[in-house]
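Down below is the structure, laid out as structure tokens.
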Amino acid sequence: MKRYDLIVAGAGPAGLSAAAEAAKCGMRVAVFDENAKPGGQLFKQIHKFFGSKAHKAKIRGFNIGSELLAEAERLGVEVFLNAPVLGLYDGREILVRIGDETRHYKGDSIIVATGASENMLAFPGWTLPGVMGAGAAQTMMNINRVRPGSRVLMLGSGNVGLVVGFQLLQAGCEVVAVADAAPRVGGYGVHAAKLARCGVPFYLSHTIVRAEGSDCVTGVTIGEVDSGWSVIPGTEKHFDADTICIAVGLSSATGLLKTAGCEMEDKGPFGRLPVCDEYGQTSITGIYACGDVSGIEEASSAMIEGRISGAAAANYLGFLPDAALKARAGELEQALEALREGMFAPKNRGKIPDKTDEGFDVSMSLLTRGYLDDAEVAGYPGVRSAAGTHPVIECTQNIPCNPCQDACPKGCITVGENIVALPQIDAGAECIGCGLCVASCSGQAIFLVNEDIGGGLASVTIPYEFLPAPKPGDTGVCLGRDGKPVCPGEVLEFKSPPAFDKTGLLTVAVPQAFCGRARFWKREA
Amino acid sequence: MRIENHPILGEPEDAREVFFTFDGKQIKGREGEPIAAALRANGVLTHRYTKKLGLPRGVFCAIGRCTDCVMVVNGRPNVRTCVTPLAEGTAVETQYGAAARRGEAGK
Ligand SMILES: Cc1cc2nc3c(=O)[nH]c(=O)nc-3n(C[C@H](O)[C@H](O)[C@H](O)COP(=O)(O)OP(=O)(O)OC[C@H]3O[C@@H](n4cnc5c(N)ncnc54)[C@H](O)[C@@H]3O)c2cc1C
Ligand code: SF4
Ligand code: SF4
Ligand code: FES
């Protein structure tokens with residue numbers, strides 16, 4: 001039987017990070033993944049990530065995945081693909097299916113990083129072709145490069161639903177609505193606002209009544225729910241649609257940990273999760289769990305948890321001295337803690353504050369309709385009127401993110417030490433209109449405005465990630481935060497230099513009165 | 001249904017065009033892509049009909065977990081088409097019931 005110092009089950013961000021960290025300490029490491037491609041969820045993520053530099057913020061997920069894979073390979077990690085781990089047994093032995101055979105491997109330490117699977121929801125018609133997981137839609141469009149459908153209803157307004165919804169638009173699909181049974185948008189406001197200004201309506205407190213069609217989905221009816229989650233008669237709304245995406249949460253894929261006999265505990269809404277110490281070690285010495293399998297979070301936190309577990313496994317087998325583990329884990333935990341703060345942190349789940357940490361009102365419009373109300377925007381610290389070109393930052397919730405601050409060469413934007421703080425504009429600093437902040441903002445929440453470019457016009461610069469690329473002189477209509485037309489807009493400039501990493505900056509001229517409302521642009525049909 | 005150009009991902013990697021059959025009809029796909037992707041690109045959404053009620057099923061998870069997408073591939077039933085790569089000449093058939101083609105046992 002082949003033996004390794006460390007065996008990792010799952011080649012997602014957690015597993016690859018754990019493998020790289022352990023290999024760096026000199027361990028012989030093998031990673032097994034059931035997929036044909038490594039990277040787990042990461043390779044489907046085509047948006048720029050949140051966090052700070054330490055978390056690889058503003059880099060797109062799939063690029064983070066490529067870097068991670070290259071690192072693991074450079075360090076000599078052996079990655080086995082199409083290799084599902086079927087069992088994990090006493091004595092840290094695993095059973096893997098490779099081709100038509102099953103093979104046994106022995107690991108002196110084991111890290112389980114099997115991630116999560118999508119939750120499903122049953123409703124009349126849910127088994128029709130055309131109903132699919134949001135992750136499935138993402139795989140189809142971003143990996144297989146095939147549109148999942150043409151008209152899509154997204155059920156679920158958490159980050160997965162919002163992110164996949166926007167990616168559907170980028171793939172050229174129409175998103176007819178985002179519906180969620182909860183009364184509030186579950187994901188980041190900046191993700192919701194991106195969709196809303198493209199004209200996607202949000203239906204909170206709504207669920208699917210039925211999927212329509214006999215051979216495949218041809219439509220969907222949603223309805224408003226009362227406090228007991230029953231549909232209120234008379235509130236049904238029908239949409240023509242050929243696809244229904246379900247994004248109602250993920251569940252940790254703990255199967256292997258259970259077969260190994262690791263102790264599990266009931267974590268309420270988070271499900272049954274393995275009991276782990278601060279390094280991710282389960283109740284069985286030498287077996288670790290990290291990433292989504294030990295509790296659903298994000299790729300950014302999964303990568304840090306992976307590194308902590310990798311270092312701990314190295315320490316357990318004598319590849320890393322105690323003091324070195326302590327130092328490394330300390331630095332990693334600090335990065336992890338920074339991500340676990342803010343309005344959407346796991347510890348704040350289910351609570352809706354009415355004020356931000358700074359004491360600003362939390363926008364209820366953003367939480368119930370997916371966009372900031374025009375009247376409330378000016379109240380946030382990222383929004384100031386000024387002469388000349390200046391940034392307008394519509395980022396109003398405490399989320400762990402700060403690339404905007406790092407981007408500005410002029411020091412116009414401050415988030416501060418605590419990365420969940422709201423970005424503020426420094427009135428003393430002078431904006432040179434370089435646009436780096438717009439392109440770096442993971443939430444596409446920064447606009448540049450010049451309130452007076454002469455002739456009764458103003459200019460608004462919008463982050464734009466759609467094809468075809470607009471050209472100067474193109475005419476169209478500007479949409480408001482709510483996705484409704486507000487005024488005509490003529491393209492002045494479109495630039496997308498390599499440093500902006502595919503976030504184009506679209507500058508349109510609008511009548512002065514609308515520069516505070518025009519937030520998206522649509523070519524004239 | 002194919003995304004020829006994408007604002008973030010650009011153009012798809014070059015892949016050889018191959019011919020395969022769906023229920024006997026010859027259609028085109030890209031070598032190495034999952035069979036399910038090739039079918040969807042050709043507008044085929046229904047992969048199989050369930051055994052008892054004959055209800056249609058299609059791609060649901062796209063990562064090989066749910067088995068909703070299984071079809072008869074090169075004569076072998078219950079093949080998960082979302083994780084099985086397409087090759088020149090692959091014969092893909094709608095699956096009726098647990099294990100068979102239309103009219104065979106298992107319907
Ligand atoms: C739409 C969407 C948007 C997201 N956006 C963000 C974001 O902006 N920022 C962020 O930080 N995070 C984001 N995430 C979350 C992030 O992708 C996940 O939290 C992260 O991928 C978890 O990493 P992981 O390594 O634990 O698991 P995964 O990425 O799920 O990887 C697990 C791996 O294990 C493999 N596996 C499972 N079981 C077995 C087995 N028995 N044998 C072998 N292999 C197995 C799987 O094939 C998979 O490759 C998003 C997720 C989704 C779905
Ligand atoms: S446009 Fe340039 S100078 Fe102005 S705030 Fe943004 S990054 Fe700073
Ligand atoms: S404005 Fe700054 S903190 Fe807010 S999403 Fe954009 S980059 Fe992140
Ligand atoms: S769609 Fe779930 S296994 Fe293929």
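By convention in this document, chain letters (A, B, ...) are assigned in the order of the sequence lines, proteins followed by strands, and residues within each chain are numbered from 1. The structure displayed is predicted, hence computed values, not measured ones.
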Legend entry - Nearest-0.5 Å distance, CE of residue Met132(A) to SG of residue Cys69(B): 11.5 Å
Legend entry - Point-to-point distance, once rounded to the nearest 0.5 Å, from CZ of Arg197(A) to CD1 of Ile462(A): 8.0 Å
Inset, instruction - Go through Val83(B), Ile8(B), Leu45(B) and name the one with the most non-hydrogen pairs under 4.5 angstrom from chain A. - result: Ile8(B)
Inset, instruction - Could you have a look at Ala62(B), Pro56(B), Ala41(B) and say which one has the most heavy-atom pairs with chain A under 4.5 angstrom? - result: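 It is Pro56(B).
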Inset, instruction - Just jot down the side-chain contact (heavy atoms from CB on, under 4.5 Å) partners of Val200(A), sequence neighbours excluded, or say none. - result: Leu169(A), Val175(A), Val178(A), Leu195(A)
Inset, instruction - Decide side chain to side chain contact (heavy atoms under 4.5 Å, CB included) for Ile35(B) and Phe22(B); before the verdict, give the C-alpha distance in whole Å, the side-chain angles of both, and the deciding distance to 0.1 Å. - result: CA-CA 10 Å; Ile35(B) 292 170; Phe22(B) 167 64; over 6 Å; no
Inset, instruction - Name the member of Val131(A), Ile143(A), Leu128(A) that forms the most heavy-atom pairs with chain B at distances under 4.5 Å. - result: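 Result: the option with the highest number of such pairs is Val131(A).
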Legend entry - Max heavy-atom pair count under 4.5 Å with chain B, selected residue of Cys173(A), Cys216(A), Pro148(A): Pro148(A)
Legend entry - Nearest non-hydrogen partners of Ala38(B) and Gly29(B), listed with the distance: CB-CA, 4.3 Å
Determine which donor-acceptor pairs between chain A and chain B fall under 3.5 Å and list them with their distances.
from	atom 1	to	atom 2	distance (Å)
Glu34(A)	OE2	Arg65(B)	NE	3.2
Glu34(A)	OE2	Arg65(B)	NH2	2.8
Thr127(A)	OG1	Arg57(B)	NH1	3.1
Gly133(A)	N	Phe60(B)	O	3.0
Arg145(A)	O	Ile3(B)	N	3.1
Arg145(A)	NH2	Gly10(B)	O	2.5
Arg147(A)	N	Met1(B)	O	2.6
Pro148(A)	O	Arg40(B)	NH1	2.6
Asp215(A)	O	Thr46(B)	OG1	3.3

Inset, instruction - Sort Ala36(A) into side chain, backbone, both or neither according to what part of it lies under 4.5 angstrom from a heavy atom of chain B. - result: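 It is neither, since no heavy atom gets under 4.5 Å.
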Inset, instruction - With a 4.5 angstrom heavy-atom cut-off, could you sort out which part of Met120(A) is near chain B: side chain, backbone, both or neither? - result: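 The side chain, not the backbone.
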Legend entry - Evaluation steps, side chain to side chain contact (heavy atoms under 4.5 Å, CB included), between Val44(B) and Val92(B): CA-CA 11 Å; Val44(B) 176; Val92(B) 183; over 6 Å; no
Legend entry - Validation row: Phe49(A), Leu42(A) side chains within 4.5 angstrom (heavy atoms): yes
Inset, instruction - Taking the side chain as every heavy atom from C-beta outward, state whether Ile246(A) and Phe123(A) have any pair of such atoms under 4.5 Å apart. - result: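 Ile246(A) vs Phe123(A): side chains touch.
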Inset, instruction - Carefully, step by step, assess Leu505(A) and Phe494(A) under the rule side chain to side chain contact (heavy atoms under 4.5 Å, CB included). - result: CA-CA 6 Å; Leu505(A) 263 59; Phe494(A) 179 75; over 6 Å; no
